[in-house]
Colleague: 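First, the structure itself, so that you have it in front of you.
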Amino acid sequence: MYEFFGRFYREDLFIKEFRYWILMVRPVPVTIGSCVILLKRECTSLSDVTKEEMAEFPDVCQFFERACTTLYGAVKFNYHADMMKDAFVHFKAIPRYDKVVIRHGMEWVDVDFPLTESLTKHKVSEEVLQNIKKDFLSFDERK
């Protein structure tokens with residue numbers, strides 16, 4: 001269904017599906033809770049995203065930010081629409097931390113905080129990725 005996502009096509013990492021967007025765990029995280037927000041249709045330019053699609057985008061960000069703040073203590077958020085290698089509309093969503101987060105047997109350090117992150121990728125096991133997904137799925141957005 002979403003084969004145009006290429007290497008991002010990881011249904012096992014999908015967290016939440018919205019009307020126009022999908023939120024998923026970023027396969028190679030920068031910080032704990034790093035995600036990718038993907039437009040659910042093939043579109044190669046941000047200028048071609050419809051008003052309806054963009055109107056829903058803040059809802060996706062709100063869910064993502066509340067979850068990362070509640071689950072991990074995120075204090076800031078960065079969003080990147082880098083569509084060079086992967087030529088479809090998507091955003092890297094990176095939570096930022098002013099403290100070390102110890103979770104899932106790892107010490108997560110946002111080494112660039114408070115500056116723009118360098119997008120240093122951390123290879124983590126599939127088990128850690130699935131545990132991060134479980135964290136998001138357990139998040140109760142009504143709180």
Side-chain angles (χ1 to χ4, degrees), residues 1-101 103-104 106 108-143:
M1 177 178 214
Y2 301 112
E3 283 78 16
F4 65 90
F5 288 162
R7 64 191 175 104
F8 285 113
Y9 190 63
R10 291 276 312 264
E11 282 188 43
D12 63 315
L13 296 179
F14 284 17
I15 295 168
K16 185 169 177 146
E17 191 164 350
F18 295 79
R19 183 169 181 194
Y20 299 111
W21 302 91
I22 292 171
L23 177 68
M24 65 174 280
V25 175
R26 189 166 192 260
V28 185
V30 175
T31 59
I32 190 165
S34 295
C35 286
V36 181
I37 302 170
L38 305 131
L39 184 63
K40 288 170 52 175
R41 68 176 176 88
E42 221 167 332
C43 180
T44 59
S45 177
L46 202 51
S47 65
D48 292 330
V49 176
T50 69
K51 290 179 182 174
E52 292 81 14
E53 290 165 339
M54 284 312 293
E56 183 184 60
F57 190 74
D59 297 337
V60 181
C61 295
Q62 187 176 66
F63 173 84
F64 167 72
E65 291 181 12
R66 284 182 179 166
C68 288
T69 301
T70 302
L71 294 167
Y72 310 120
V75 295
K76 297 277 185 186
F77 299 90
N78 292 145
Y79 297 89
H80 299 268
D82 306 324
M83 297 176 286
M84 298 301 289
K85 215 165 35 166
D86 304 297
F88 55 89
V89 174
H90 67 286
F91 293 85
K92 294 170 184 78
I94 313 296
R96 305 301 307 277
Y97 302 92
D98 60 354
K99 297 181 184 109
V100 173
V101 178
R103 190 73 174 249
H104 304 305
M106 293 182 64
W108 300 83
V109 181
D110 187 343
V111 296
D112 298 311
F113 189 88
L115 305 173
T116 301
E117 81 286 339
S118 58
L119 292 179
T120 301
K121 299 171 186 165
H122 300 280
K123 291 198 179 232
V124 299
S125 69
E126 285 298 316
E127 180 182 9
V128 169
L129 292 175
Q130 293 304 318
N131 284 334
I132 292 170
K133 176 183 174 178
K134 287 177 191 171
D135 290 342
F136 275 97
L137 294 178
S138 72
F139 170 66
D140 183 353
E141 60 190 301
R142 294 169 297 193
K143 289 184 179 180

Colleague: Measure the spacing between OG1 of Thr116 and CD1 of Ile94 and express it to the nearest 0.5 Å.
Modeller: 12.0 Å
Colleague: With sequence neighbours left out, what residues match Phe63 under ring-ring contact (aromatic ring centres under 6.0 Å, His included)?
Modeller: Phe139
Colleague: Compare all side-chain heavy atoms of Glu17 with those of Leu23 and state whether any distance is below 4.5 angstrom.
Modeller: no
Colleague: Which atom pair, heavy atoms only, marks the closest approach of Cys68 to Phe77?
Modeller: CB-CE2, 3.7 Å
Colleague: What is the distance from atom CD1 of Ile132 to atom CG of Leu137, rounded to the nearest 0.5 Å?
Modeller: 12.0 Å
Colleague: Before giving the answer on side-chain hydrogen bond (donor to acceptor under 3.5 Å, both in side chains), spell out for Asp112 and Ser118 the whole-Å C-alpha distance, their side-chain angles and the decisive distance to 0.1 Å.
Modeller: CA-CA 7 Å; Asp112 298 311; Ser118 58; 2.8 Å; yes
Colleague: Which pair of non-hydrogen atoms, one from Phe91 and one from Ala81, has the smallest distance, and what is that distance?
Modeller: CE2-CB, 3.6 Å
Colleague: With no hydrogens and no angle check, is any side-chain donor or acceptor of Thr70 less than 3.5 Å from a backbone partner on Ala67?
Modeller: no
Colleague: Any non-hydrogen side-chain atom of Phe113 less than 4.5 Å from a side-chain atom of Val75?
Modeller: yes
Colleague: With sequence neighbours excluded, what pairs up with Tyr20 under the side chain to side chain donor-acceptor pair (under 3.5 Å) test?
Modeller: none
Colleague: Output the distance between atom NE2 (His104) and atom CD1 (Ile32), rounded to the nearest 0.5 Å.
Modeller: 5.0 Å
Colleague: Can you name the nearest heavy-atom pair linking Val124 to Trp108, along with the distance?
Modeller: CG1-CH2, 3.8 Å
Colleague: Lys134: what forms a side chain to side chain contact (heavy atoms under 4.5 Å, CB included) with it, not counting sequence neighbours?
Modeller: Asn131
Colleague: Apply salt bridge (charged side-chain N to carboxylate O under 4.0 Å, His left out) to Lys16 and list each qualifying residue two or more places apart in sequence or on a separate chain.
Modeller: Glu141
Colleague: Would you please name every residue forming a ring-ring contact (aromatic ring centres under 6.0 Å, His included) with Trp21, sequence neighbours left out?
Modeller: Phe57
Colleague: Run the salt bridge (charged side-chain N to carboxylate O under 4.0 Å, His left out) test against Asp12 and tell me which residues pass, sequence neighbours left out.
Modeller: Arg10
Colleague: How many angstroms lie between SG in Cys43 and CG in Leu38, if you round to the nearest 0.5 Å?
Modeller: 12.5 Å
Colleague: Using salt bridge (charged side-chain N to carboxylate O under 4.0 Å, His left out) as the criterion, list what pairs up with Arg19, not counting sequence neighbours.
Modeller: none
Colleague: Would a distance-only check, ignoring hydrogens and angles, find a side-chain to backbone donor-acceptor pair under 3.5 Å from Thr69 to Arg66?
Modeller: no
Colleague: Is it true that a side-chain atom of Lys76 and a backbone atom of Asp98 form a donor plus acceptor pair closer than 3.5 Å?
Modeller: no
Colleague: Which residues satisfy the side chain to side chain contact (heavy atoms under 4.5 Å, CB included) test with Val111, sequence neighbours excluded?
Modeller: Val109
Colleague: Can you tell me how far CZ of Phe14 sits from CZ of Phe136, rounded to the nearest 0.5 angstrom?
Modeller: 15.0 Å
Colleague: Who passes side chain to side chain donor-acceptor pair (under 3.5 Å) against Asn78, sequence neighbours left out?
Modeller: Arg96
Colleague: Checking Thr31 against Tyr72 for the side-chain contact (heavy atoms from CB on, under 4.5 Å) test, could you report, in this order, the C-alpha distance in whole Å, the side-chain angles of both residues, the deciding distance, and whether it holds?
Modeller: CA-CA 10 Å; Thr31 59; Tyr72 310 120; over 6 Å; no
Colleague: Which heavy atom of Ile37 sits nearest to which heavy atom of Ala93, and what is that distance?
Modeller: CD1-CB, 4.0 Å
Colleague: Return each pair, listed once, that meets salt bridge (Lys or Arg N to Asp or Glu O under 4.0 Å) where at least one residue sits in residues 48-58; pairs must be two or more places apart or across chains.
Modeller: Arg41-Glu53
Colleague: Quick one: side chain to side chain contact (heavy atoms under 4.5 Å, CB included) partners of Ser47, sequence neighbours excluded?
Modeller: Ser45
Colleague: How far does CD1 of Ile22 sit from CG of Leu39, to the nearest 0.5 angstrom?
Modeller: 9.0 Å
Colleague: With sequence neighbours left out, write down each residue that passes ring-ring contact (aromatic ring centres under 6.0 Å, His included) with Tyr79, or none if nothing qualifies.
Modeller: none
Colleague: Can you check whether Ser34 reaches Val28 side chain to side chain, under 4.5 Å on heavy atoms?
Modeller: no
